[in-house]
Chemist: 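Structure in C-alpha cells, see below.
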Amino acid sequence: MIGKLRLTNSLTRKKEVFEPIEAPNVGMYVCGPTVYSDVHLGNVRTFLSFDVINRYLKFLGYKVRYVRNITDVGHLLDSGEDKISKKALLDQLEPMEIVQKYTNDFHEVMATFNALPPDIEPSAIGHLMEQIEMIEVLIDRGFAYVSNGSVYFDIDKYNETQEYGKLSGRKIEDLINQTRFLDGQEDKRNPLDFALWKNASPEHIMRWKTKWGEGFPGWHLECSVMSTKYLGSQFDIHGGGMDLKFPHHDCEIAQCVGVSDQMPAKYWLHTNMLTVNGQKMSKSLGNSFLPGQLISGDHELLDRGYSPMSIRFFMLQSHYASTLDFSNEALNAAVKGYTKLANGIRILKELEYPEAQLQTLNANQGAQIHKMCDDCHHAMNDDFNTALTIGHIFNLLKKVNSFHSGQIDLSEIDLETFLRMKETLLTFTEDILGIRPETNLNGENLLNILLQDYAQAKIAKDYQRVDYLRSRLKEEGITIKDMKDAVGWAYSEQ
RNA sequence: GGUUCCGUGGCCGAGUGGCUAGGCAGAGGUCUGCAAAACCUUUUACGGCGGUUCGAAUCCGUCCGGAACCUCCA
C-alpha cells in the first residue's frame, strides 16, 4: 500500500486518516433509495460515488461489508401519506408491486452504470420485528414515549446527556423556533420529537399490529436498525447524500446512541448535489431528468443522449463532495474525454513488451512513469479524489500512446516499469473507477459488410476469396446461404 | 433569519502556503494518399479590497455574488 487513506469526516468536519475499527474488516452503510418512483439521477451520483469508495477500499485489501438499504415503507410525504402507499393507490397496485417494480428499475440503472451491487441490501419491511424491538429498547431506556398509538423519540430527554443535531451543527433552540406545524404534532411533547412508530389512519394501507396500535415505522428507524444488525453498534463508514444530514442522519445517531450509548459510525461521508444551471436538481423544481432520459437524450434540457460510461466518467471528473453542474457542453467534453480514455486503455491491453532491446534504458522515462503510478494512489488516498486520479491517468495514457505510435520505444523502460504502468492503468481505470469499454459494435452490421464483400467476390468469380470468407464465417458459427438474388446467412449447427 | 459551503483561464473541473492537475475548446507543428487518431509546443486563471508571510488561488478580515440545508428529495 502506498501512503495512507484520508477522508473528510462530516462529523468532525476534518480530513482524517482512515483507521478501521477492526482491520481488515470495514463496515460501510449507505442510505439507499425509497423505491416509489424511477431512480433520480442525483441518487445515481451518490451511489456511484460510494461504488468507487467501495471498490477502492476493497482494492486496498480491506474486507468490506457494504450495506445499502431499500426503503419500502415509512418515508412520508408532507401530507402524511406514505410515498409507496400513495403510488400504489395511484397505480392501483399492491405496495409490494410498486416496491418490486422500482427496485428492479433501480438495480437495472445501477448495473447500466457499472456499479457493483452492495454486499447486503436489506429492506425496511423485512426488518419490522427488529424495528419494533429497537423501539421497545428506546422506550425502556426512557428515550421514547407512547402517545395516541404512536411512539416518539424524546429529544428533551436525549439532550439531558447527549447533543441532538451534532452532525449537522443544528442547535435545539434554533430548530424549535423554525419548526413548522406538521400533522400529528399535537401528540408530541416537543415539536422536534420524531416518530419511531406512527399510528395508521384508517385509509393507510401499509399497517402492522403492535401493542401500541396498528401503524408503521418512522423513516429514520430502519437505517439505525439495519446498520446495527449487519455492522454492529459501531462501524466504520456511514454515507449518504448531503440532504440527508438533517434530519435523517441526526435522528439515526440519536436512535443508535439512545440504544447503545455509542456513536454508530466513526466516519460520516456526504456526497454533494447535482445542479442544473447552478440550481439543485430536484424533483420539485422540475429541472431534473431521469438516468434513462440522459442516456437517450429524450428531454428538453438535453441536446443529445450520452452513453452510461461517459456519464460515469463525467461524474468522476468532479469530487464527490463538490456540487456538479450539468450542461450539454460539459457532457460533450466528457464524451470526448471518455473516448480518449477508452481508446488508450484498448491500446494498452494490446501493448506488449518487446523481446529485442532497441534502445538503452532511459532512467528519466522510467522515473516519470513510476511517479505517475504513485500519483494515482496518492490521489485516491486523498479523500477518494477521482478527478485528480483521472488527471494522472491521462498523463500515463500519453506515455502509452507514445509507446504505441513508436514515438518512444518501449525498451527505454524496463519490464518491471512496463508491467507496473499496465497494471496501474488497468486497475485504476477498470477496477477502481469502474470505467469499462463501451462499444456500439454490432455483429450483424459487421456481418453484412462481409456478406457484401462475399457477394462481390462471387460476381468477380474470385473463388479463392469466396471460399475463404465462407470458411472463416463458418468458424464463427455463421453459414452463408446463396439465394437466387441475394446472399443470406444462418446460424451453423454448433 | 439560523447553519454550512462555494466563487479558478472560452467551458467543465482538481488543487489548502512555494513544484505544469486533467478533460473539452483555440493556435502552431510532427505524422499522413485522403481522413481520423496520436504525440509535441502554445495562448487565456485564481470575485473585489485589505492583512499575515521571505512567499497565498491556498491562511485571516471585509465587501460583492451564488448555492445547499433548516420542509419530501441522494
Side-chain angles (χ1 to χ4, degrees), chain A residues 10 13 15 30-34 36-37 39-50 68 71 75-83 86 165 168-171 173-182 192 219 239-250 270-275 277-285 288 313-341 343-344 347 372 375 379 382-383 385-408:
Chain A
S10 308
R13 296 176 175 81
K15 218 181 253 187
V30 174
C31 291
T34 303
Y36 71 106
S37 70
V39 64
H40 185 267
L41 195 62
N43 294 57
V44 172
R45 190 212 185 182
T46 293
F47 300 138
L48 288 182
S49 298
F50 284 104
R68 187 184 65 205
T71 297
H75 206 156
L76 303 185
L77 294 157
D78 265 3
S79 55
E81 293 168 283
D82 185 287
K83 287 183 169 182
K86 188 182 177 186
S168 61
R170 284 319 119 109
K171 293 199 177 58
E173 314 82 67
D174 298 337
L175 285 171
I176 290 174
N177 292 336
Q178 293 148 12
T179 303
R180 60 182 183 150
F181 191 84
L182 278 175
L192 292 183
W219 173 42
M242 208 100 108
D243 47 0
L244 293 184
K245 242 184 185 178
F246 188 87
H248 185 56
H249 289 158
D250 268 317
H270 286 98
T271 57
N272 216 320
M273 302 293 107
L274 245 36
T275 60
N277 299 322
Q279 262 211 324
K280 180 180 171 181
M281 182 184 282
S282 99
K283 290 176 192 172
S284 43
L285 285 171
S288 60
F313 175 84
F314 172 68
M315 289 186 175
L316 295 183
Q317 262 191 313
S318 71
H319 189 252
Y320 72 86
S322 302
T323 54
L324 175 61
D325 196 55
F326 263 78
S327 67
N328 285 290
E329 210 179 357
L331 282 162
N332 268 313
V335 170
K336 293 187 180 179
Y338 163 71
T339 306
K340 188 172 181 176
L341 174 58
N343 275 318
I347 282 164
M372 290 172 186
D375 284 344
D382 187 8
D383 202 17
N385 195 331
T386 53
L388 191 53
T389 305
I390 288 173
H392 296 313
I393 284 174
F394 273 106
N395 285 333
L396 272 168
L397 235 38
K398 273 188 191 170
K399 294 289 180 196
V400 169
N401 283 320
S402 297
F403 286 132
H404 173 70
S405 62
Q407 285 164 97
I408 312 175

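Just so it is clear: chains get the letters A, B, ... in the order the sequence lines come, proteins before strands, and each one is counted from 1.
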Chemist: Name the nucleic acid region contacted by A:Lys280, choosing base, sugar-phosphate or nothing; use a 4.0 angstrom heavy-atom cut-off, strictly under.
Modeler: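 It contacts base atoms.
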Chemist: Could you give the NZ-to-P distance, from A:Lys336 to B:C24, as a whole number of Å?
Modeler: 8 Å
Chemist: Using residues 330-337 of chain A as the side-chain source, report each donor-acceptor pair under 3.5 Å to any protein atom, sequence neighbours left out, with the distance given to one decimal.
Modeler:
{"unit_1": "A:Asn332", "atom_1": "OD1", "unit_2": "A:Arg304", "atom_2": "NH1", "d": "2.9"}
{"unit_1": "A:Asn332", "atom_1": "ND2", "unit_2": "A:Asn328", "atom_2": "O", "d": "3.2"}

Chemist: In residues 393-401 of chain A, what residues come within less than 4.0 Å of RNA chain B, judged by heavy atoms?
Modeler: A:Phe394, A:Asn395, A:Lys398, A:Asn401
Chemist: Which part of the nucleic acid, if any, lies within contact of A:Met372, taking any heavy atom under 4.0 Å across all strands shown: a base, the sugar-phosphate backbone alone, or nothing?
Modeler: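 Contact class for A:Met372: none.
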Chemist: Give me, pair by pair, the N or O atoms of the protein and of nucleotides 12-14 of chain B that are less than 3.5 Å apart, along with how far apart they are.
Modeler:
{"unit_1": "B:G13", "atom_1": "OP1", "unit_2": "A:Asp325", "atom_2": "N", "d": "3.2"}
{"unit_1": "B:G13", "atom_1": "O2'", "unit_2": "A:Gln317", "atom_2": "O", "d": "3.1"}
{"unit_1": "B:A14", "atom_1": "OP1", "unit_2": "A:His319", "atom_2": "N", "d": "2.7"}
{"unit_1": "B:A14", "atom_1": "OP1", "unit_2": "A:Ser322", "atom_2": "OG", "d": "3.1"}
{"unit_1": "B:A14", "atom_1": "O3'", "unit_2": "A:Asn385", "atom_2": "ND2", "d": "3.0"}
{"unit_1": "B:A14", "atom_1": "O2'", "unit_2": "A:Asn385", "atom_2": "ND2", "d": "3.4"}

Chemist: Is any side-chain nitrogen or oxygen of A:Lys340 closer than 4.0 Å to OP1 or OP2 of B:A37?
Modeler: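 The answer is no; no side-chain N or O of A:Lys340 sits under 4.0 Å from OP1 or OP2.
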Chemist: Look at the rings of A:His248 and A:Trp219 and say which category their plane angle falls in: under 30° parallel, 30 to 60° tilted, over 60° perpendicular.
Modeler: parallel
Chemist: Donor-acceptor pair, distance only, cut-off 3.5 Å: does the side chain of A:Arg68 make one with the backbone of A:Phe47?
Modeler: no
Chemist: Would you say the side chain of A:Asp383 lies within less than 4.5 Å of the side chain of A:Lys15, judging by non-hydrogen atoms?
Modeler: yes
Chemist: Hey, does A:Gly337 reach any base, or is it just sugar-phosphate, or nothing, if we go heavy atoms under 4.0 Å?
Modeler: sugar-phosphate
Chemist: Tell me the closest heavy-atom pair linking A:Asn272 and A:Arg45, and the distance in Å.
Modeler: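 Minimum heavy-atom contact is O-NH1, 3.1 Å.
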